[in-house]
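Small disclaimer: the values here were computed from a predicted structure and weren't measured. Numbering of ligands and ligand atoms starts at 1, following listing order.
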Amino acid sequence: MTSDEIRRAFLHFFEERGHSIIPSSSLVPAGDPSLLLTSAGMVQFKPYFLGESIPPNRRLASCQKCFRTTDIEAVGDTKHLTFFEMLGNFSVGDYFKREAISWAWEFVTQHLALPQERLWITIYRADEEASAYWQEVGVPGDRILRLEEEDNFWGPAGDSGPCGPCSEILYDMGQGIGCQEPSCGPSCDCGRFLEIWNLVFTQYNQDSSGQRIPLPKPNIDTGMGLERATAAAGGKASVYETDLFVPLIERVSELAGCGYGGDEKTDHAIKVVAEHSRGMAFLIADGVIPANEGRGYVLRRVLRRAALFGRKLGLEEPFLTEMAKAVIGRMGQVYPELERRKDFILTVVGMEEARFNQTLNMGLDIFQNWMVKPRQDLLGYIRPLLGQLEMYEPWRQVIGYFGGVRHLCDNVTGTFESLRGPFEELKAHFERVPDEKGDETLYEETEAAVRKFLSDTTRISGDEVFMLYDTYGFPQELTAEVAAEHGFEVDREGFEEAMERQRARARAAQKFGRDEKVLDRDYRELGIQATPFVGYDSLKYQTIIAGLLVNGQPLQTASP
Ligand code: SER
């Protein structure tokens, strides 16, 4: 079955069983401040579950556009996606577990025609009812696994809302897929056992303090990933081999002039580009534009990651508008908003990519030459030192060797301050070392100092990560990824601290610019004319500083 057939068959199946088909809502949840982006089919139905509004029908079904930021870094494996379509049937206080389970089983075994011997069920540990209903439809007891809360209790989406125990249908992709360990089983996360459908028995409303209050009537909220279902029904090893992705994978390969299916790293990059291209096109179609925070940041991040992974494939020139066109071509029939907003999508993608490329080139250069290269030189020199220490070389020789390290360090720390402290620490240790090795404790301390220095050297400091972010637009996650390729890590905490310092500066600057009281009294006191606003007509304007006020007092000079 193709994905289009599965989508249609699913909605038809539930329509026949009394459900109203509801179109997908936007990826930007309407009036739901608890949620960044629509992450499940139930999001648009939350008010129904909470009894805040009346549904058009107590049985609903949909194919919902979803976006999950939690999986961004896992994208490129067999099953994790940021953007995906979720097929779902919902009962608002109408049917409950028995019907939800028997219909899901019927659809999966008869319509998707998945062989029963490849299906596994998970339930919430003490859910005897669910276990009994699964057995009623013919699932053998030993195919039903009981899992704990972290696996089989769903929700809420966001920090509060409806939630409840759940039960999943897993599909065994076959022995050839995943870790291939003898211990591999349905609870292994290696990719062999694919969760295709989650049935949530929505019984509670969780408030923002984490308290769960039973809902007046239990509900059903199910979600089946269309991409995964299509992979399973078509006997494909991953979602990227389904008809939803093949045209996109082909387009990336064509643009990059490289084949798919040969080299693992190349394939991974191709998959990330294809996946993120869908995400960016759909986000923009729903009105999200690139920004440094919130939804706009999610978009910026996937778009920039796509650009970056494109580079790994040798795509140095802008190519993402081509990818956006491919997405619109593949999905526009089902989601007409893509066609309707095509020009807008292409413009936003083109502008953001151009902007990113400009800064990226400069940033990558700086990263490589100022941060990676000197560290590599230093590590190349200092690692053997550790070896010498271990071999109990005469201390004099070790200290002689240290002269070379000092020379490198002086150059390196000239480039970035962050290593100066660790280097000084190391130097202090060596200065305490006598000519002949004798004192075992001192030896151990010195070895520890060298090891610490090594680990400090393989960490890119928060200030450096911040500089790349602030000046060159590198999201911290990207820096971490590029750093990891060189065997380095980044100081995330240090980065957060640098971010906080910048926020404080921004707040202070805002206060300075927006002190309305001062601006009101303003120019008359300073003896100057009101200034006209020219920003609608020109982007550049030559003017003068007419006066300075500090705490309401006119001054001749001022400093921060
Ligand atoms: N809300 C549940 C999920 O996202 C079922 O739709 O898995």
*Asks:* I'd like to know whether ligand 1 has Arg68 as a neighbour, heavy-atom separation below 4.0 Å.
*Replies:* yes
*Asks:* Measure the acute angle between the ring planes of Phe14 and Trp197, then classify it against the limits of 30° and 60° as parallel, tilted or perpendicular.
*Replies:* perpendicular
*Asks:* For atom 7 (O) of ligand 1, grab the closest protein heavy atom and report residue, atom and distance to one decimal in Å.
*Replies:* Asn198 ND2, 3.0 Å
*Asks:* Starting from atom 2 (C) of ligand 1, what is the nearest protein heavy atom, named by residue and atom, and what distance separates them?
*Replies:* Trp154 CE2, 3.5 Å
*Asks:* Can you find a non-hydrogen atom of Met224 under 4.0 Å from ligand 1?
*Replies:* no
*Asks:* Just to confirm my output: which protein heavy-atom neighbour is closest to atom 1 (N) of ligand 1, and how far is it?
*Replies:* Asp221 OD2, 2.9 Å
*Asks:* Within a distance under 4.0 Å of any heavy atom of Ala40, pick out the atoms of ligand 1 and give their elements.
*Replies:* 1 (N), 4 (O)
*Asks:* Under the side chain to side chain donor-acceptor pair (under 3.5 Å) test against Ser3, which residue among Arg330, Arg8, Glu227, Glu85 passes?
*Replies:* Arg330
*Asks:* If the cut-off is 4.0 Å to any non-hydrogen atom of Val200, which atoms of ligand 1 fall inside it?
*Replies:* 2 (C), 5 (C)
*Asks:* Any side-chain donor paired with an acceptor under 3.5 Å for Asn89 and Thr222?
*Replies:* yes
*Asks:* Between the main-chain N or O of Trp120 and the side-chain N or O of Asp172, is there a donor-acceptor pair closer than 3.5 Å?
*Replies:* no
*Asks:* Under the side chain to side chain donor-acceptor pair (under 3.5 Å) test against Ser167, which residue among Trp154, Tyr133, Trp134 passes?
*Replies:* Trp134
*Asks:* When the ring planes of Phe90 and Phe49 are compared, do they come out parallel, tilted or perpendicular, using 30° and 60° as the limits?
*Replies:* tilted
*Asks:* Would you check the N or O atoms of Gly223, main chain and side chain alike, for any that come under 3.5 Å of an N or O of ligand 1?
*Replies:* yes
*Asks:* Report the part of Thr222 (side chain from C-beta onward, or backbone N, CA, C, O) that has a heavy atom under 4.0 Å from ligand 1; answer both or neither where that applies.
*Replies:* backbone
*Asks:* Can you see whether Phe309 has Arg305 sitting over its ring - NZ or CZ less than 6.0 Å from the centre and within 45° of the normal?
*Replies:* no
